[in-house]
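What follows is a single structure, written as structure tokens, with notes after it.
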Amino acid sequence: MPKLTIDDSEVEVEPGFTVLQACEQAGIEIPRFCYHERLSIAGNCRMCLVEMKRSPKPVAACAMPAADGMVIRTNTPAVEKTRKAVMEFLLINHPLDCPICDQAGECDLQDQAMAYGLDHGRYRETKRAVKDKNFGPLIKAVMTRCIHCTRCIRFSTEIAGVQELGATGRGENMEVGTYVEKALASELSGNMIDLCPVGALTSAPYAFRARSWELRKTESVDVMDAVGSNIRVDVRGAEVMRILPRLNEDVNEDWISDKSRFACDGLRYQRLDRPYLRDGGKLRPATWDEAFAAVAEKVKATKARGIAAIAGDTADCEAMTALKDLMAALGSPHLDCRQDGAHLDASHRAGYLFNTSIAGIEQADACLLIGTNPRVEAPIVNARLRKRFLAGGFPVALIGKKTDLTFSHKHLGTTPNVLDKVASGAHPFAKVLNKAKRPMLILGMGALARQDGAAILAAARKIAEDSGMVNDGWNGFNVLHTAAARVGGLDLGFLPGKMGGRDVAGILDGAGMGEVEIVYLLAADEIDMDRLGGAFVIYQGHHGDAGAGRADVILPGGAYTEKNATYVNTEGRAQVARLAAYPPGEAREDWKIVRALSAVLGKPLPFDSLQQVRARMAEINANFAHTGVVAAPWGTFGEEGRLDPAPFASRLANFYMTDPISRASPTMAKCTEAFVNPARRRTGTDG
Amino acid sequence: MTERVLLKNTANPDFHRIDACLAAEGYQGLTKALRKFSPEEIIQLVTDSKLRGRGGAGFATGLKWSFVPKETERPKYLCCNADEGEPGTFKDREIIEKDPHILIEGMAIAAYALGVETGYIYVRGEFDFGARRLEEAIREAYREGYLGKNIRASGFNFDLHVFRGAGAYICGEETALIESIEGKRGQPRLKPPFPAIEGLYGCPTVVNNVETLACIPHILLRGADWFKGIGPEDSPGTKLYCLSGHVRNPGVYELPMGIALRHLVEKHGGGTHSGKKIKAVIPGGVSAPMLPESDLDIDMDFASLAAAGTMLGSGGVIVMDETTCIVRVAMRTIGFFHHESCGKCTPCRDGLYWASKLLKRLEAGKGKKGDVEELERLCGNIFGNTFCPLGDGAAMALRAAIKHFRDEFVYHVEKGKCMVS
Ligand SMILES: Cc1cc2nc3c(=O)[nH]c(=O)nc-3n(C[C@H](O)[C@H](O)[C@H](O)COP(=O)(O)O)c2cc1C
Ligand code: SF4
Ligand code: SF4
Ligand code: FES
């Protein structure tokens, strides 16, 4: 381990450290603009220059490998002078328009200028101005503020894997932008806003909406996919102003997807802020008492087996626990949390988890993707796959719809026939998996949410077993969920009961035939509402989406930013979302609604506090008793059977709109327009 | 008159043809190398010759070659730097246009010594004629079996390509040159890793100047001692000096390393064409700090010029007579560097922008009190802080102009006009 002297004290650092990292370890802060620990080293801003013994010139701390015996000085007048010089240079062409810049208050340039800037400008020449670029609907670009650190370029080429951003022009004419005037097509583009040290790239939807110091910050988790990205929710008053990533090395590192970041303006529209009752065919506002009374009346008139419940994709674990217990108290076995009909087998937890873990991807050395497009289903997982790919020695193959994953892979085919061939060992990629030390596969909902889903699950299990994906300390079998609620629902057993319980298809069939008379939709909007027939529909949720449109009674609940709620991500990691703003109007936290209704129905649930609900969750499944992930024991799951030759279909047609919140979001609508339907816009035939 | 080595055939208008070359000593160095020397012996020979790179920095060529890993599974590359963008420099062009085969031969020998099978000649974008000459010469060399597979039945393979630059000066910097060949934006790379370990496409790469490589066949044929016998001990050989500016006989001169600058300018260059007194001379391209007339008694070699605070650089000698306005020279020089700054690092990109604007204003007679001090401060803030030597070179050039001719700058500030015209 190299030992070096920094400002007269000795530090010993890990091999491979840079001088900058060594300084950090010694507790010495080195100012920087271009350096970012997750990006390649550029060494271009020169803010981090320090003195090194025997070097006639200062060295860039961010780029200099720490070596044994080095003597570094960071606190000399010369270093101070250099920092001031660089700072002054950066500011001569900077517009200094902080009063009208959204970055103000959290701007690295502003902060460093306080430390190293002069109190007056010496620059007497004219400033340059740069034409602003079109970065698309998410990023507002004010390129005159750009300090050319190239973080955004490195992020897009290295992490996001899109080669559309770069620098053009030399010297003073150097400009950062997309080479051709077009929006940056990446599901991760918003991260450039966080990376940009100045106000050159700021959030377009958030533009001029708030000042950073007015915001109340709450640590939470995201529900726009099943990754469970850690987020920070910034609120002013009752309004969510923006969502930012929160570091979690195991899950999302420093990043979040554009949907996780930008769909939050959907929280302002189409909200259910009071109960509603259908009266003469039309929904009318009602009081809680009226709504509960209507439900009670209907329940009293219905046999237990005529009642069913479906939990949607963003339902929280507390609410599902309450509803499951209520259904049990009412005596109904008909409940399911698999809106898409995915043939997930809850008998073995390993059969429905992303067992490798997201961080574990970095240890894998071969990967087979089946019926999934991680780039749209879980951009964060895709970024990990790309990171692993860039490290080399990671052959990836895809069975499913051909697509651009941002890293190269073999497309083996689109149908289960190919899967069969791999499972039988006849396919060349089977050899690749066999040869690998830590192979992995990822099974998407596109492979499970079909008639032969159980057989596909079994085939995937066979591949995993045959190629040695499951052994001591390694489990390469992975299910990639798309619904934030799904693993929690499976863990809680929000599934058809033993006594002839109906699954989602069974509930819909039953409703169509009049056998199911009451359907309780807990934030379930992705089913075919037309198939509910004449059933009495209770919709509990937060948006006026498909479910509310069909409902006979609406019980307004809270969105994920408005409740203290548990979500279990695709890895099986239980995490909590925290109340950042209260639900609007008369809407309430969801488990409390079910608890209140249970009393009206004469079946009061035995919990009155969040602690009690959570204790009940841990009672149902011990996994709720801890955070983090535990290895799930292997078992036999799936059902061997004939595979349907129909090609795997992609489950998500439009990344930007997948749930009631993103569907209500004006920003996501703009993205859909810009990225999903651009051809349509160009031809103009749709009016 | 000393013997011409590199330019001995350039007076022959047909010497760009391989027939003419072969009729003289053409490709005999390569043939000898392949028959009589192991690759290691060639590297040793070049090391013994004490040849130092002619691209500007004067790095020992043999040493550079020795850094390239011997045992590696990756391909290795040899790049010839024919970007020749330094103002006042036009020597490589002479070789490329008039004796392209000596370069090809030098590259083939170097490739053999280094275990390289693919080479590139990175030709300055403006050298269209030179690039076509090279392409034609390469075709001829393939035809005659001096390039391609199994050269001279030795089992040695070498493919050579011409890569045309797009006219950016920075692409002459070796790592920017590599980026450019890779199809990327021309700007310098971080070092380490050095090109010898990770260069073109991440593989071991040697970048050498045209003139450096053109010396190789001669060293092969005549030996290290012969080469060492020319010029000073620590930087031997002949050197191509480019004389331009207010000089009576401009042109490329091949003379021994270490010749006195005054002798070069006055005897070979014939003094100023106007007969007026010399005011200053830039000895090695515009990155090299200028010397006032009083300092001309200096030897043109790496060590002597460095000791005088300037450098041999590319060997581009620019003569200025007493009618020259140094403020204008500074403005033009900094204007050039500002225009050619790649934009990567802050001190060069923004510092030269500032200095250039200030100099333009000063030259136009709109100088303000404190401008000269401001320029000096800018030089101090740029020098040593840039990513690559371009910014440093600019700062040094400006600093020297102010140091030697401060009164002219002050005159511009105070009188709002030029002292000399
Ligand atoms: C800004 C800049 C421009 C350069 N331009 C050239 C050039 O045009 N030709 C050249 O041979 N070397 C040029 N160099 C030097 C090269 O980086 C490199 O040192 C040289 O090609 C090595 O060849 P040599 O060892 O044969 O001298 C330049 C260096 C810098 C910093
Ligand atoms: S836009 Fe921001 S991140 Fe990109 S180069 Fe400019 S300052 Fe850096
Ligand atoms: S000094 Fe910096 S800006 Fe100037 S050419 Fe070199 S890398 Fe580019
Ligand atoms: S942080 Fe080191 S050069 Fe920018």
Side-chain angles (χ1 to χ4, degrees), chain A residues 18 33-34 40-49 51 55-60 62-65 67 78-79 81-94 121-128 146-150 153 157 163 166-176 179 392, chain B residues 166-171 176 184-193 335-362 366-371 373-374 377-392 394:
Chain A
T18 60
F33 290 112
C34 68
S40 67
I41 296 169
N44 58 29
C45 76
R46 316 309 281 172
M47 192 62 191
C48 69
L49 293 173
E51 268 181 57
S55 165
K57 294 179 191 175
V59 299
C62 70
M64 176 61 66
V79 172
K81 179 174 165 275
T82 305
R83 290 177 185 168
K84 287 194 163 142
V86 171
M87 204 58 225
E88 184 176 28
F89 285 146
L90 283 174
L91 291 176
I92 62 165
N93 276 320
H94 194 78
R122 274 191 290 224
Y123 184 65
R124 299 190 267 189
E125 324 306 321
T126 49
K127 282 179 186 276
R128 78 171 197 154
C146 172
I147 58 166
H148 308 94
C149 71
T150 69
I153 299 174
T157 50
Q163 316 293 328
T168 51
R170 273 196 320 254
E172 121 180 49
N173 298 315
M174 172 174 169
E175 293 184 10
V176 171
Y179 300 106
Chain B
Y169 168 67
I170 190 60
C171 288
K184 299 188 185 136
R185 175 182 167 80
Q187 54 179 34
R189 277 187 191 173
L190 215 58
K191 292 188 255 188
F336 168 79
F337 286 119
H338 159 235
H339 181 69
E340 294 296 339
S341 160
C342 82
K344 182 173 179 134
C345 72
T346 310
C348 172
R349 181 187 62 236
D350 290 321
L352 292 180
Y353 171 85
W354 185 343
S356 173
K357 289 222 150 184
L358 197 161
L359 281 162
K360 268 193 200 134
R361 181 165 55 70
L362 186 61
K366 303 208 179 79
K368 295 180 194 157
K369 205 167 161 276
D371 275 351
E373 293 72 20
E374 190 81 298
R377 202 175 56 82
L378 283 176
C379 290
N381 285 347
I382 295 168
F383 183 79
N385 297 339
T386 57
F387 187 91
C388 87
L390 184 145
D392 283 350

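By convention in this document, chain letters (A, B, ...) are assigned in the order of the sequence lines, proteins followed by strands, and residues within each chain are numbered from 1.
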Pick one of side chain, backbone, both or neither for Arg377(B), based on which atoms fall under 4.5 Å of a heavy atom in chain A. side chain
For residues Arg170(A) and Ala168(B), report the shortest heavy-atom separation together with the two atoms involved. NH1-CB, 3.4 Å
Which of the residues Phe383(B), Phe337(B), Trp354(B), Phe387(B) is involved in the greatest number of heavy-atom pairs with chain A at under 4.5 angstrom? Trp354(B)
Got a second to check how far Lys81(A)'s NZ is from Asn381(B)'s CG, nearest 0.5 Å? 5.0 Å
Should the ring pair Tyr123(A) and Tyr353(B) be called parallel, tilted or perpendicular, given that the plane angle runs from 0 to 90° and is split at 30 and 60? parallel
Please report the shortest heavy-atom distance between Ala63(A) and Leu190(B), naming the atom on each side. CB-CD1, 3.8 Å
Whether the side chain of Thr346(B) engages the backbone of Cys45(A) through a donor-acceptor N/O pair (distance < 3.5 Å, no angle test) should be reported. yes
Regarding Glu172(A) and Lys357(B), does a basic nitrogen lie under 4.0 Å from an acidic carboxylate oxygen? no
Donor-acceptor pair, side chain of Arg185(B) and main chain of Ala167(A), under 3.5 angstrom: yes
Please identify each residue that fulfils salt bridge (Lys or Arg N to Asp or Glu O under 4.0 Å) with Asp392(B), with sequence neighbours left out. Lys57(A)
All heavy atoms of Thr386(B) vs all of Arg46(A), minimum pair found to be O-NH2, 3.1 Å
Nearest 0.5 angstrom please: His339(B) NE2 to Asn173(A) CG, how far? 8.0 Å
Determine whether Phe89(A) and Arg349(B) make a side-chain contact, defined as any pair of heavy atoms from C-beta on separated by less than 4.5 Å. no
